[in-house]
Engineer: 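One structure is given below, represented as structure tokens, and several questions about it will come after.
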Amino acid sequence: MRRKVDLVILSDVHLGTYGCRAKELNNYLDSIQPKMLILNGDIIDIWQFKKRYFPKKHLSVVKKIIGLAAKGTEVIYITGNHDEMLRKFTDLELGKITLVNKKVLDLKDGKKAWVFHGDVFDASVQHSKWIAKLGGVGYDLLIQLNNAINWILAKFGREKYSLSKKIKKSVKKAVKYISDFENTASELAIENGYDYVICGHIHQPQMREVETKKGKCIYLNSGDWIENLSALEYHKGKWSLFSYEENKHKLGLKEEEEVADMTLEELISSVTNLK
């Protein structure tokens with residue numbers, strides 16, 4: 001029995017990279033039936049996309065999202081920096097799937113939510129893309145190393161360890177960047193009269209109130225499906241942060257279905273034929 005949710009927001013899945021935790025995301029998607037699904041950027045990692053690496057589990061994520069749209073879920077795909085090539089198709093509508101750069105939501109509680117990926121605040125992305133891309137490759141290698149370490153730890157019954165989280169917490173500049181990002185997004189939201197501002201990009205799940213002299217808003221970040229395995233959920237007027245690791249025992253996991261290989265043409269056809 002799928003869990004009904006008014007709104008689910010995912011970001012930073014990075015399909016097509018070794019760090020993507022597609023198996024866990026497939027399990028999560030199998031457990032929910034959202035009225036609206038917002039994909040808030042960096043879903044497919046076009047920066048690092050390689051034909052030789054797009055495994056069936058990654059393809060399955062795409063098919064499950066298409067399947068939700070076919071069954072009536074409104075899917076909003078907001079572009080990020082790793083899938084920025086899609087920005088030239090902004091406002092494209094394919095059945096229940098819409099591609100945009102940002103989204104304003106009028107929620108049931110009468111409040112407004114401003115949703116965008118967040119790379120607009122990242123100077124390294126805006127002005128030195130080659131440096132940002134190089135950093136993306138390094139991050140991917142770090143995740144591969146971390147996966148190998150965790151495999152060994154699991155064999156010895158030890159708890160998983162996150163190298164990148166440890167590095168982020170120990171480097172003052174990284175901590176300051178996250179804080180500056182959250183505050184900048186919140187200040188802009190307050191100035192523009194939004195009650196909520198919702199981002200991705202920094203792989204840091206968060207839900208907190210920010211107050212300035214001009215007012216206050218709630219800052220939310222959906223995290224990622226590389227390390228945190230998190231999503232934002234909005235149901236019956238309330239926001240919550242979903243953590244896969246904390247809730248996987250509740251999902252009623254089933255055996256993985258066999259996913260048939262699909263060409264790019266077949267994938268496009270399955271999307272464009274949505275009613």
Engineer: Checking the side chain of D119 only, and the main-chain atoms of H201 only, is there a donor and an acceptor separated by less than 3.5 Å?
Structural biologist: no

Engineer: State yes or no: do I66 and L94 share one hydrophobic cluster built from I, L, V, M, F, W and Y residues joined by side-chain heavy-atom distances below 4.5 Å, directly or via other members?
Structural biologist: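 In one cluster with I66: L94, yes.
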
Engineer: Using 4.0 Å as the upper bound for N to carboxylate O, is an ion pair formed by R21 and E245?
Structural biologist: yes

Engineer: For A22 versus K57, what's the shortest heavy-atom pair and its separation?
Structural biologist: CB-O, 3.6 Å

Engineer: If we only count heavy atoms from C-beta on, is the E233 to W239 side-chain gap below 4.5 Å?
Structural biologist: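 Heavy-atom side-chain distance check fails, nothing below 4.5 Å.
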
Engineer: Any side-chain heavy atom of R2 sitting closer than 4.5 Å to one from D30?
Structural biologist: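 In short, these two side chains touch, coming nearer than 4.5 Å.
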
Engineer: Out of curiosity, L7 CG to L107 CG, how far, rounded to the nearest 0.5 Å?
Structural biologist: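 So the gap between those two atoms works out to 7.5 Å.
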
Engineer: Is it true that L241 and L39 fall in one hydrophobic cluster, defined by side-chain heavy atoms closer than 4.5 Å?
Structural biologist: no

Engineer: Is it true that Y234 and V5 fall in one hydrophobic cluster, defined by side-chain heavy atoms closer than 4.5 Å?
Structural biologist: no

Engineer: Do the side chains of L29 and V61 get nearer than 4.5 Å, heavy atoms only?
Structural biologist: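 Heavy-atom side-chain distance check passes, below 4.5 Å.
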
Engineer: Looking at CD1 of I38 and CZ of F116, how far apart are the two atoms once the value is rounded to the nearest 0.5 Å?
Structural biologist: 13.0 Å

Engineer: Return the CD1 to CG distance between I65 and N26, rounded to the nearest 0.5 Å.
Structural biologist: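 Output value for this atom pair is 9.0 Å.
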
Engineer: Would you be so kind as to tabulate the donor-acceptor pairs closer than 3.5 Å made by side chains of residues 191-199, with sequence neighbours excluded?
Structural biologist:
unit_1 : atom_1 : unit_2 : atom_2 : d
N192   : ND2    : L188   : O      : 2.7
D195   : OD2    : K112   : N      : 2.8
Y196   : OH     : D109   : OD2    : 3.3

Engineer: Given V8 and L232, is the side-chain contact (heavy atoms from CB on, under 4.5 Å) satisfied, shown in steps?
Structural biologist: CA-CA 6 Å; V8 170; L232 285 168; over 6 Å; no

Engineer: Could you go step by step and tell me if Y219 and N221 meet the side chain to side chain donor-acceptor pair (under 3.5 Å) rule?
Structural biologist: CA-CA 7 Å; Y219 167 85; N221 195 299; 3.0 Å; yes

Engineer: Determine the minimum heavy-atom distance between C20 and L15, stating which atoms define it.
Structural biologist: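 Taking every non-hydrogen atom into account, SG-CD2, 3.7 Å.
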
Engineer: Determine, using the 4.5 Å side-chain heavy-atom cutoff (strictly less than), whether F242 and V115 are members of one ILVMFWY cluster.
Structural biologist: no

Engineer: Would you name the heavy atoms of K102 and W114 that are closest together and state the gap between them?
Structural biologist: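 Closest approach of K102 to W114, heavy atoms only: CD-NE1, 4.1 Å.
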
Engineer: Within the distance-only criterion (no hydrogens, no angle test), does the side chain of N228 pair as donor or acceptor with the backbone N or O of D224 below 3.5 angstrom?
Structural biologist: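 No, N228 side chain to D224 backbone: no donor-acceptor pair under 3.5 Å.
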
Engineer: To the nearest 0.5 Å, what is the distance between CD on Q206 and CD1 on I218?
Structural biologist: 10.5 Å

Engineer: Between H14 and H203 (judged by ring centroids, cut-off 6.0 Å), do the two rings come close enough to count as a pair?
Structural biologist: yes

Engineer: Check I190 against V210 and note the closest heavy-atom contact, atom names and distance.
Structural biologist: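 Distance-wise, the nearest heavy atoms are CD1-O, 3.8 Å.
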
Engineer: Where do I76 and E74 land on the side-chain contact (heavy atoms from CB on, under 4.5 Å) test, with the steps shown first?
Structural biologist: CA-CA 7 Å; I76 309 294; E74 182 181 358; 3.5 Å; yes

Engineer: To check you understand the geometry: which heavy-atom pair defines the closest contact between I46 and L86, and what is its length?
Structural biologist: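 Smallest interatomic distance, heavy atoms only, reads CD1-CG, 4.1 Å.
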
Engineer: Could you measure the distance from the CG atom of D42 to the CD atom of E84? Nearest 0.5 Å is fine.
Structural biologist: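 Separation between the atoms: 9.5 Å.
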
Engineer: Any donor and acceptor pair, going by atom type alone, linking the side chain of T73 with main-chain N or O of V75 inside 3.5 Å?
Structural biologist: no

Engineer: Please report the C-alpha distance between L105 and K103 in whole Å, then the side-chain angles of each, then the deciding distance to 0.1 Å, and finally whether the side-chain contact (heavy atoms from CB on, under 4.5 Å) criterion is met.
Structural biologist: CA-CA 6 Å; L105 299 173; K103 180 74 176 176; 3.8 Å; yes

Engineer: For E187, which residues count as a salt bridge (Lys or Arg N to Asp or Glu O under 4.0 Å) partner, sequence neighbours excluded?
Structural biologist: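 Checked E187 against salt bridge (Lys or Arg N to Asp or Glu O under 4.0 Å); zero matches.
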
Engineer: With D6, which of H235, M36, K238 fulfils side-chain contact (heavy atoms from CB on, under 4.5 Å)?
Structural biologist: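 Single pass found, and it is H235.
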
Engineer: Is there a donor-acceptor pair closer than 3.5 Å between any side-chain N or O of T184 and the backbone N or O of D180?
Structural biologist: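 The answer is yes, because a donor-acceptor pair under 3.5 Å joins these two groups.
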
Engineer: Measure from the side-chain N and O atoms of S230 to the backbone N and O of P205, and report whether any donor-acceptor pair falls under 3.5 Å.
Structural biologist: no

Engineer: Report yes or no: does S186 contribute a side-chain atom to a donor-acceptor pair with the main-chain N or O of E182 at less than 3.5 Å?
Structural biologist: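 Indeed, once roles are kept as given, a pair shorter than 3.5 Å links the two residues.
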
Engineer: Between L251 and Y244, is the side-chain contact (heavy atoms from CB on, under 4.5 Å) condition met? List the steps.
Structural biologist: CA-CA 9 Å; L251 300 185; Y244 181 85; 3.5 Å; yes

Engineer: Treating Ile, Leu, Val, Met, Phe, Trp and Tyr as nodes and any side-chain heavy-atom pair under 4.5 angstrom as an edge, say whether I9 and I78 lie in one connected cluster.
Structural biologist: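 Both belong to a single hydrophobic cluster.
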
Engineer: What's the separation between atom CG in N40 and atom CG in L37, rounded to the nearest 0.5 Å?
Structural biologist: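 So the CG of N40 and the CG of L37 are separated by 11.0 Å.
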
Engineer: Does D83 use its side chain to pair, donor to acceptor, with the backbone of D45 at less than 3.5 Å?
Structural biologist: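 Checking the backbone N and O of D45 against the side chain of D83, no donor-acceptor pair under 3.5 Å is found.
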
Engineer: Please check if the side chain of S11 supplies one atom and the backbone of G223 the other of a donor-acceptor pair under 3.5 Å.
Structural biologist: yes

Engineer: Could you please spell out the steps behind the side chain to side chain donor-acceptor pair (under 3.5 Å) verdict for S31 and R3?
Structural biologist: CA-CA 6 Å; S31 74; R3 183 166 52 90; 4.8 Å; no

